[in-house]
Amino acid sequence: MIPNRLFIRNRANLAAQLPPKSIAVFTANEPMPRNGDEFYPFRQQSDFFYLTGINEENAFLLIAPDYPDESLREVLFIEPYDEVKATWQGEMLDVRQASEISGVKTVKGSDAFYSVLNDIAFSSYGDNIFLNSYEYPKYECAVGTIQQRFVKKIKELYPMHQYGRTAPILNALRMIKSDDEITITQQACDITSKAFRRCLKTVKPDMFEYEVQAEIEYIFKQNNATGHAYAPIIAGGKNACCLHYSKNQSQLHDGDLLLFDIGCEYKNYSSDLSRTIPVNGKFTERQKQCYSAVLRVMKEITKLYRPGGCINEINETTHRLMEQEMIQLGLFTEEDVKHQDPNKPLERKYLMHGMSHHIGLDVHDSIDKFKSFEPGMILTCEPGIYIREEGIGIRIENDLLITEGEPINLFEGLPVEIEEIEAAMQR
Ligand code: GLY
Ligand code: MN
Ligand code: MN
């Protein structure tokens, strides 16, 4: 169990940033229907989890730091006991367990949420209502989320109140990981490392990508990971040049490379690893050249993960260094670069993605891309090269913790050098 001091601290940090006479309210996620009476596996909304540690549907959190009745300054609402539900789906969380997990002292049934909110909102201590929206810039949800419906409903109930957004506050808080979060993320990375190490022993020509995925999932499950933090990419040969390849249906060929982009989710926290290995255990000369180019650049840009650095600097430096590497690899010449269309640099044909993102409760975690690095941030470092015409796709990715000094690689010791990978694959 995650120590509830994490959630107590997270709520206190949020409360400290609310203006006087504020209420912040949050709803849990709901299960997403699949077909018939089936649902997709439940995943808690990350901000709700960050503030409560509760992995249940039909729950609310209310924070009203100035409310005179101390017992209502923090209230967690959980689904009331339902015998039928308990019979079909298993024991439900009770008030004592919910309080223990979250550290919230006052826990009530979710059927009491709107009446408690009414009492506070219509007192002289609830002028500002803070609502949570998921503000990840690329997120789209055509069907609408429970959070969106909740925001709409609250605004209809209290049209005369002042409103504020919790997202900017929570995004900033979530970017800096506490010691407990760092420990859990390290545990997630350790499980992912174990899965990759197993693959180093088991991958061989003619296997199918999904068989490799099965090896990974076995280790994830055996180590109590909740599952994948994102759709795993197990891409042999040219499949690796498709950046979001996740069909994982092809057969692996002798002489090809195999790109893994995998990460388990453990206690709701993500890990994110990429490694590229030769299917038959030995890199060809050309594969070595390309792999070494990416690894050299990775070592160089890893130095930029220090306080004051930023993702833009990492992207720009990587593109500049990879351009030189690509010239050495014969993909184009110095002369070609001089005459290239500045809006379409030649190197972008072979490296088209960003090199870094925050990880945390979400694999692409809450961001403020203008915020420079501070100790406690955990970011990926993931340069690559994708040469479609040669069927070569390479990405190497580590998760780095920013410290006052050098970054800490959460995949430290995991094979990454050509000799280490070849040695680990020898049978
Ligand atoms: N696995 C997703 C990413 O590397 O960003
Ligand atoms: Mn990745
Ligand atoms: Mn990544």
Side-chain angles (χ1 to χ4, degrees), residues 138 185 188-200 202-203 207-220 225-250 252 256-266 269-279 287 290-291 293-295 297-298 301-302 311 314-315 318 322 350-360 362-365 378-388 391-400 409-411 414-416 421 424-425:
K138 288 185 186 160
T185 308
C189 290
D190 290 346
I191 297 170
T192 300
S193 294
K194 231 185 212 182
F196 174 66
R197 282 183 193 278
R198 181 181 173 98
C199 294
L200 285 170
T202 50
V203 163
M207 259 176 110
F208 281 84
E209 292 162 346
Y210 54 77
E211 292 180 85
V212 180
Q213 182 173 339
E215 301 281 341
I216 291 161
E217 286 171 357
Y218 174 69
I219 296 293
F220 283 5
T226 359
H228 295 279
Y230 53 90
I233 298 171
I234 319 287
K238 65 174 175 13
N239 290 345
C241 297
C242 167
L243 295 181
H244 282 170
Y245 176 81
S246 57
K247 288 198 186 106
N248 305 344
Q249 289 292 323
S250 302
L252 302 178
D256 274 355
L257 290 173
L258 170 61
L259 186 153
F260 296 76
D261 189 339
I262 58 166
C264 77
E265 182 179 278
Y266 181 67
Y269 281 81
S270 310
S271 54
D272 188 3
L273 170 76
S274 298
R275 286 289 186 271
T276 309
I277 68 172
V279 167
Q287 289 166 351
C290 299
Y291 187 92
V294 178
L295 186 57
V297 170
M298 182 185 222
I301 60 172
T302 294
I311 290 178
I314 285 160
N315 284 335
T318 308
M322 281 307 298
Y350 303 101
L351 175 54
M352 45 315 246
H353 59 72
M355 257 49 73
S356 184
H357 55 87
H358 290 260
I359 66 163
D362 300 329
V363 68
H364 288 183
D365 213 26
I378 304 179
L379 295 118
T380 65
C381 176
E382 49 182 308
I385 192 166
Y386 309 92
I387 317 173
R388 224 162 299 168
I392 289 180
I394 296 167
R395 179 161 63 255
I396 315 176
E397 176 175 26
N398 285 330
D399 299 343
L400 303 176
N409 177 11
L410 303 185
F411 290 112
L414 194 63
V416 68
I421 290 171
M425 291 185 79

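Please read all numbers here as calculations on a predicted model, not as lab measurements.
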I'd like a table of donor-acceptor pairs (distance under 3.5 Å, sequence neighbours excluded) in which one partner is a side-chain atom from residues 207-216, with atom names and distances.
unit_1	atom_1	unit_2	atom_2	d
Glu209	OE1	Tyr245	OH	2.4
Glu209	OE1	Gln249	N	3.1
Glu209	OE1	Ser250	N	2.9
Glu209	OE2	Gly236	N	2.8
Glu209	OE2	Asn239	ND2	2.9
Glu211	OE2	Phe208	N	2.8
Gln213	OE1	Asn248	ND2	2.8
Gln213	NE2	Glu217	OE2	2.8
Glu215	OE1	Arg198	NE	2.6
Glu215	OE1	Arg198	NH2	3.3

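- Listed by chain and residue number, nothing satisfies the side chain to side chain contact (heavy atoms under 4.5 Å, CB included) test with Lys238 (two or more places apart in sequence, or in another chain).
- In this structure, Asn409 contributes its side chain and Phe411 its backbone to a donor-acceptor pair below 3.5 Å.
- Among residues two or more places apart in sequence or in another chain, the side chain to side chain contact (heavy atoms under 4.5 Å, CB included) test is passed with Tyr386 by Cys241, Leu243, Leu259, Leu351, Met352, His353, Arg395.
- Under a 3.5 Å cut-off, the side chain of Arg275 and the backbone N or O of Asp261 do not form any donor-acceptor pair.
- Smallest separation of non-hydrogen atoms from Ile233 and Ile262: O-CG2, 4.3 Å.
- The two atoms that bring Val363 and Tyr230 nearest to each other are CG2-CD2, 3.5 Å, heavy atoms only.
- With sequence neighbours left out, Phe220 forms a ring pair (Phe, Tyr, Trp, His ring centres under 6.0 Å) with His228.
- Looking at heavy atoms from C-beta onward, Ser270 lies out of side-chain contact with His364 at the 4.5 angstrom threshold.
- For the pair Thr226 (side chain) and Glu265 (backbone), a donor-acceptor distance under 3.5 Å is present.
- Every residue two or more places apart in sequence or in another chain that forms a ring pair (Phe, Tyr, Trp, His ring centres under 6.0 Å) with Tyr291 is listed here: Phe283.
- Shown here are the side chain to side chain donor-acceptor pair (under 3.5 Å) partners of Asp190, two or more places apart in sequence or in another chain: Gln186.
- At distances below 3.5 Å, not a single donor-acceptor pair connects side-chain atoms of His357 with backbone N or O atoms of Thr380.
- Checking side-chain atoms of Asp399 against main-chain N and O of Asp272 turns up a donor-acceptor pair under 3.5 Å.
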